[in-house]
**Q** 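Take this structure, written in structure tokens, and hold onto it; I'll ask about it next.
For this chain, numbers begin at 1 and follow the sequence in order.
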Amino acid sequence: MTSETILTSRIKYFQMEYPDGVPISILKLELDMSVEELQRSLLNLEEQGILFIENEEYVKLVESPDEDSKELEDPIFRDSFAQDSVSEPVEVSNQPNVKEAETYDLSENEIKALEIIRDLTDESGHIPLYTLEGTLLYGDLKLNTLGVYNLIMSLENKGIIRKVQINDSEYYAV
């Protein structure tokens, strides 16, 4: 962030406390800027029409009449700050997307791990988290803990497996 951006945001913040103008002395104390840099930034912002300086002691941001309405029209602003917004529920299928998973390029370890995982899954296609981690740690692959984590995250990111919660226990669906 530029010093002018920081300065503008601090003035906005302090304007709530000082509606008649933010004392420059407060800005000097608050911001980690030299006096010359602060003065230069204030003068630049005044030339740009962003703020005005009163009696060389107070600064106040120039209010544009359409500023609030523009913020409300901005979808990013509206969605991220809307207090009464209710999102629609999203239906998530319990079945993993195996067809899509097969289109990804898998490393040799991922292919071996997938074979091991498919052998260990129950009839519903689930494997307990601890069984999966233990098998990858101490089974044929003998991965270290970081390797297990990376392998599981890679398979999750590719959509081959996903974490599910069943009866207060963590499982992976394949």
**Q** So, do I53 and L43 sit near enough that their side-chain heavy atoms are less than 4.5 Å apart?
**A**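 Contact flag for I53/L43 side chains = yes.
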
**Q** Hey, is the main chain of S154 close enough, under 3.5 Å, to the side chain of E110 for a donor-acceptor pair?
**A**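 A pair under 3.5 Å: no.
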
**Q** Would you call L143 and N150 a side-chain contact if the rule is heavy atoms closer than 4.5 Å?
**A**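 When only atoms from C-beta onward are counted, N150 and L143 do not touch, as no gap falls below 4.5 Å.
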
**Q** At what distance, to the nearest 0.5 angstrom, does CD of E156 lie from CG of L151?
**A**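 If I round to the nearest 0.5 Å, the distance is 10.5 Å.
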
**Q** Looking at side-chain heavy atoms only, is the closest gap between K158 and L106 below 4.5 Å?
**A**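 Yes, close enough: below the 4.5 Å cut-off.
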
**Q** Contact between L42 and I11 at the side-chain level, heavy atoms closer than 4.5 Å - yes or no?
**A**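 L42 vs I11: side chains touch.
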
**Q** Could you point out which residue of V164, L120, T121, I161 forms a side-chain contact (heavy atoms from CB on, under 4.5 Å) with H126?
**A**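 Going through the options one by one, the only one that passes is V164.
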
**Q** Does some side-chain heavy atom of N44 sit less than 4.5 Å from a side-chain heavy atom of E47?
**A**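 A side-chain contact under 4.5 Å exists here.
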
**Q** Could you tell me the separation between the CG atom of L129 and the CD1 atom of I166, rounded to the nearest 0.5 Å?
**A**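 Interatomic distance, L129 CG to I166 CD1, rounded to 0.5 Å: 12.0 Å.
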
**Q** Is it true that a side-chain atom of D122 and a backbone atom of S124 form a donor plus acceptor pair closer than 3.5 Å?
**A**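 Between the backbone of S124 and the side chain of D122 there is a qualifying donor-acceptor contact (under 3.5 Å).
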
**Q** In terms of hydrophobic clustering (I, L, V, M, F, W, Y; side-chain heavy atoms under 4.5 Å; direct or indirect links), are L29 and V22 co-clustered?
**A**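 No, L29 and V22 fall in different hydrophobic clusters.
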
**Q** For the OH atom on Y130, are there more than 12 heavy atoms of other groups (residues, nucleotides or ligands in this structure) within a distance under 6.0 Å?
**A**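 Counting neighbours around OH of Y130, 12 or fewer heavy atoms of other residues, nucleotides or ligands fall under 6.0 Å, so no.
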
**Q** Got a second to check how far S9's OG is from E4's CD, nearest 0.5 Å?
**A**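 So the gap between those two atoms works out to 12.0 Å.
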
**Q** Would you say the side chain of E30 lies within less than 4.5 Å of the side chain of F14, judging by non-hydrogen atoms?
**A**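 Side-chain contact under 4.5 Å: yes.
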
**Q** Following the transitive rule for hydrophobic clusters with a side-chain heavy-atom cut-off under 4.5 Å over Ile, Leu, Val, Met, Phe, Trp and Tyr, establish whether Y18 and M16 coincide in one cluster.
**A**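 Per the 4.5 Å side-chain linkage, Y18 and M16 are co-clustered.
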
**Q** What verdict does the side-chain contact (heavy atoms from CB on, under 4.5 Å) test give for E133 and I152, after you've listed the backbone C-alpha separation in whole Å, the side-chain angles of each residue and the deciding distance to 0.1 Å?
**A** CA-CA 9 Å; E133 290 176 345; I152 290 173; 3.9 Å; yes

**Q** When hydrophobic residues are tied together by side-chain contacts of less than 4.5 Å, even through go-betweens, does L51 share a cluster with V35?
**A**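 They do not share one cluster, since no chain of ILVMFWY contacts under 4.5 Å joins L51 to V35.
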
**Q** Check N109, L141, T131 against L136 for a side-chain contact (heavy atoms from CB on, under 4.5 Å) and give me the one that passes.
**A**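 Per the side-chain contact (heavy atoms from CB on, under 4.5 Å) rule, the option paired with L136 is L141, out of N109, L141, T131.
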
**Q** Say you draw a straight line from CZ of R40 to CG of L7; how long is it, rounded to the nearest 0.5 Å?
**A**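 Reported value, rounded in 0.5 Å steps: 12.0 Å.
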
**Q** Taking the side chain as everything from C-beta on, heavy atoms only, tell me whether L155 gets closer than 4.5 Å to Y172.
**A**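 Not in contact.
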
**Q** Would you confirm whether K112, through its side chain, and S107, through its main-chain N or O, come within 3.5 Å as a donor-acceptor pair?
**A**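 No, because the side chain of K112 does not come within donor-acceptor range (under 3.5 Å) of the backbone of S107.
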
**Q** V148 and I160: same hydrophobic cluster, using ILVMFWY side-chain contacts below 4.5 Å?
**A**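 Yes, one cluster joins them.
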
**Q** Can you hop from L114 to Y149 via hydrophobic side chains spaced under 4.5 Å?
**A**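 Per the 4.5 Å side-chain linkage, L114 and Y149 are not co-clustered.
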
**Q** Taking atom CD of Q48 as the centre, report whether more than 12 heavy atoms of other residues, nucleotides or ligands fall under 6.0 Å from it.
**A**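 Yes, the 6.0 Å shell around CD holds more than 12 heavy atoms from other groups.
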
**Q** Looking at CG of L61 and NZ of K12, how far apart are the two atoms once the value is rounded to the nearest 0.5 Å?
**A**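 The CG atom of L61 sits 7.0 Å away from the NZ atom of K12.
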
**Q** Say you draw a straight line from NZ of K142 to CG of D140; how long is it, rounded to the nearest 0.5 Å?
**A**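 Output value for this atom pair is 7.0 Å.
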
**Q** Using a 4.5 Å cut-off on heavy atoms from C-beta on, say whether the side chain of L137 contacts that of T145.
**A**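 T145 reaches L137 side chain to side chain.
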
